[in-house]
Amino acid sequence: MITHGYTETMATSKSHRLDLTRPNWIEVDLNALDHNYRLLKTLVAPGIRIHPSVKSAAYGLGVAEIARRFVELGAETIACGSLTDAEAIREAGDTNIDLMVFGGTLPSGIPRFLDLNVMPTVHNSEIAEAVSSLAKTPQRVYVKVDAGWGRLGFPLKTAEGAIVRIASMPNIVIEGIYTHLPFTDLAGATWAQERTILFNALIDRLKKRGIEAPVTQARSSSGVLLGIKDECTTVCPGSILYGKPSLAEGVIEDLGFEPVLSSIRSRLVHISPNASDKSSAGFSRFAERVAGATGVIPFGRKDGNRTPRPGLTSYAILKGIKVPILSISSELCVLDLSSVPNPRVGDEVLLLGRAGTEEITLAELASNQDAGMNDVLLMMRDRMPVIFRQNPATE
Ligand SMILES: *Cc1c(COP(=O)(O)O)cnc(C)c1O
């Protein structure tokens with residue numbers, strides 16, 4: 001479907017079909033994704049691989065389409081957050097893309113990884129044993145080292161012995177050895193650098209014992225942005241590829257990453273033109289708060305919309321005018337349309353994005369809702385369609 005010189009593709013998953021009875025949707029800018037990938041490439045040394053993270057349904061934006069785009073951009077392996085992400089990619093027909101999953105899973109979940117030809121993370125010996133006993137042919141795995149984040153993986157102290165043991169197990173091929181050291185500020189960067197040195201030393205010791213994985217990896221977005229030094233072959237960024245800052249504001253200058261999420265939209269399904277009329281018998285509960293009409297969009301809490309923190313007002317944009325949100329109930333959201341000339345049923349409403357001089361950013365929305373930027377999208381994911389746009393003129 002071609003509109004306004006853009007190519008539009010609907011997300012392929014069933015839950016993403018456009019529902020005209022509930023016209024809410026998310027728009028994704030694939031050109032921004034391309035731009036971010038190429039910009040990130042300039043920040044890592046030549047020859048270093050980029051394995052993009054598409055965890056949590058590509059941070060809520062649609063995992064199959066985004067993964068395919070990353071492969072077109074040159075990524076050799078895609079890092080999934082769970083088997084759900086990997087399944088969505090396989091179901092979309094991409095059976096050849098190399099996929100790994102960060103984990104954690106139960107050993108009894110391993111057969112599904114093998115069925116889908118997805119590389120699991122071995123984060124404990126139970127997983128290693130499950131892979132080794134269930135795989136019928138050599139199975140590539142990633143081994144995770146806990147270098148201090150304190151979540152999944154073999155602790156640095158015991159990792160060397162564990163990895164030597166795993167390498168000797170039948171039907172296991174160690175494709176990657178990695179760790180995860182996320183941080184948001186300079187103190188965190190110092191911590192991550194110290195831990196990365198210890199991880200490097202582990203990789204060196206393993207090399208001396210004849211164990212060398214094609215992929216070694218310790219840096220995600222923040223590590224790449226702040227140039228944490230490692231001796232790894234690969235980086236594994238997520239956030240920054242989607243144009244979402246992984247570092248606190250002001251830690252580094254703006255490098256020009258662009259938001260891939262371009263807008264969240266809905267349409268007016270109802271208008272109350274006389275909402276401000278205090279004389280009428282049907283005195284609206286909003287009569288004291290508005291000077292004109294109110295309007296309704298079907299974008300309630302079940303769609304992932306959330307009431308702002310006490311004392312704050314959230315906004316939407318209609319016809320280039322910022323309008324206050326009056327209430328968010330489970331199914332619906334009421335807008336103050338006092339300042340909008342001639343609103344009509346069907347008019348498009350922006351909950352996030354830019355129209356004319358007005359803009360609502362993901363950071364604003366998140367801060368208003370007292371949530372993380374990923375959380376805002378995760379609440380909406382799978383609850384409305386995603387439309388992927390690309391402008392051929394900029395390719
Ligand atoms: C989320 C995640 C990443 C990517 O992190 P970003 O901060 O989004 O770049 C990399 N590795 C692991 C294990 C992760 O969980």
Side-chain angles (χ1 to χ4, degrees), residues 33 36-37 39-41 43-44 48-61 63 66-67 70 75-86 99-105 118-124 127 141-156 159 175-185 188-189 191-192 195-196 199 213 215-228 230 232-249 251-252 255 257 259-261 362-363 366 372-378 381:
L33 193 76
N36 293 343
Y37 189 90
L39 181 55
L40 186 115
K41 221 171 150 73
L43 300 180
V44 296
I48 297 297
R49 298 194 212 187
I50 300 171
H51 287 182
S53 161
V54 297
K55 73 177 167 201
S56 313
Y59 299 62
L61 298 179
V63 64
I66 301 265
F70 280 139
E76 284 146 347
T77 299
I78 302 294
C80 301
S82 68
L83 200 68
T84 317
D85 294 330
L99 302 178
M100 65 80 69
V101 171
F102 291 144
T105 186
V118 171
M119 294 179 273
T121 286
V122 170
H123 49 85
N124 56 35
I127 300 285
V141 301
Y142 276 65
V143 179
K144 180 144 192 197
V145 174
D146 179 2
W149 185 236
R151 205 165 54 187
L152 295 176
F154 295 94
L156 266 177
E175 169 78 5
I177 303 174
Y178 76 107
T179 190
H180 186 41
L181 296 162
F183 60 89
T184 58
D185 57 17
W191 166 83
R195 296 289 157 165
T196 303
F199 180 73
V215 175
T216 49
Q217 189 270 110
R219 285 192 288 165
S220 51
S221 296
S222 295
V224 173
L225 292 176
L226 277 186
I228 296 293
D230 65 12
C232 295
T233 64
T234 308
V235 295
C236 186
S239 312
I240 202 63
L241 291 172
Y242 302 92
K244 268 185 254 161
S246 63
L247 291 163
E249 219 177 305
V251 175
I252 50 166
L255 296 172
F257 287 93
V260 171
L261 167 68
L362 183 59
M373 284 191 269
N374 283 341
D375 301 333
V376 172
L377 279 172
L378 289 178
R381 109 176 222 226

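Remember, it's 1-based here, ligands and their atoms both numbered in the order they're listed. Worth knowing before you read on, the calculation uses all heavy atoms, side chains too, and leaves out hydrogens, waters and symmetry mates.
Considering both main-chain and side-chain atoms, K144 never comes within under 3.5 Å of ligand 1 through any nitrogen or oxygen pair. Considering backbone and side-chain N/O atoms, Y178 never comes within less than 3.5 Å of an N/O atom of ligand 1. Looking at S246 next to ligand 1, no N or O pair under 3.5 Å apart turns up. Residue F102 has no nitrogen or oxygen atom sitting less than 3.5 Å from a nitrogen or oxygen atom of ligand 1, judged on distance alone. Below 3.5 Å of separation, one finds no N or O of S53 facing any N or O of ligand 1.
Here the side chain of T179 pairs a donor or acceptor atom with the backbone of V145 at under 3.5 angstrom. Judged purely by atom type and a 3.5 angstrom limit, T184 has no side-chain atom pairing as donor or acceptor with the backbone of L247. No donor-acceptor pair closer than 3.5 Å links the side chain of H180 to the backbone N or O of D146. The backbone N or O of S56 lies less than 3.5 Å from a partner atom in the side chain of D85, making a donor-acceptor pair. A donor-acceptor pair under 3.5 Å is absent between the side-chain atoms of S53 and the main chain of C236, judged by distance alone. Judged purely by atom type and a 3.5 angstrom limit, N374 has no side-chain atom pairing as donor or acceptor with the backbone of L377.
Partner S246 forms a side-chain hydrogen bond (donor to acceptor under 3.5 Å, both in side chains) with one of S221, S222, S239, S220 and no other, that one being S222.
Of the candidates R219, H180, M100, H180 brings a heavy atom nearest to atom 11 (N) of ligand 1. Considering each of A218, S220, P245, the one bringing a non-hydrogen atom nearest atom 5 (O) of ligand 1 is S220.
Ligand-side atoms of ligand 1 in range of P237: 9 (O), range being under 4.0 angstrom from any heavy atom. Of all atoms in ligand 1, listed by their number and element, those nearer than 4.0 Å to a heavy atom of G238 are 4 (C), 6 (P), 8 (O), 9 (O). Residue-ligand proximity, S239 to ligand 1, at heavy-atom distances under 4.0 Å covers atoms 6 (P), 7 (O), 8 (O), 9 (O).
Within the 4.0 Å heavy-atom cutoff, C236 counts among the residues contacting ligand 1.
Nearest non-hydrogen protein atom to atom 15 (O) of ligand 1 is K55 NZ, 2.8 Å. The closest protein non-hydrogen atom to atom 9 (O) of ligand 1 is S221 OG, 2.5 Å.
Atom CZ of residue F102 and atom OG of residue S82 lie 10.5 Å apart, to the nearest 0.5 angstrom.
Between the side chains of Y178 and T121, at least one donor N or O sits under 3.5 Å from an acceptor N or O.
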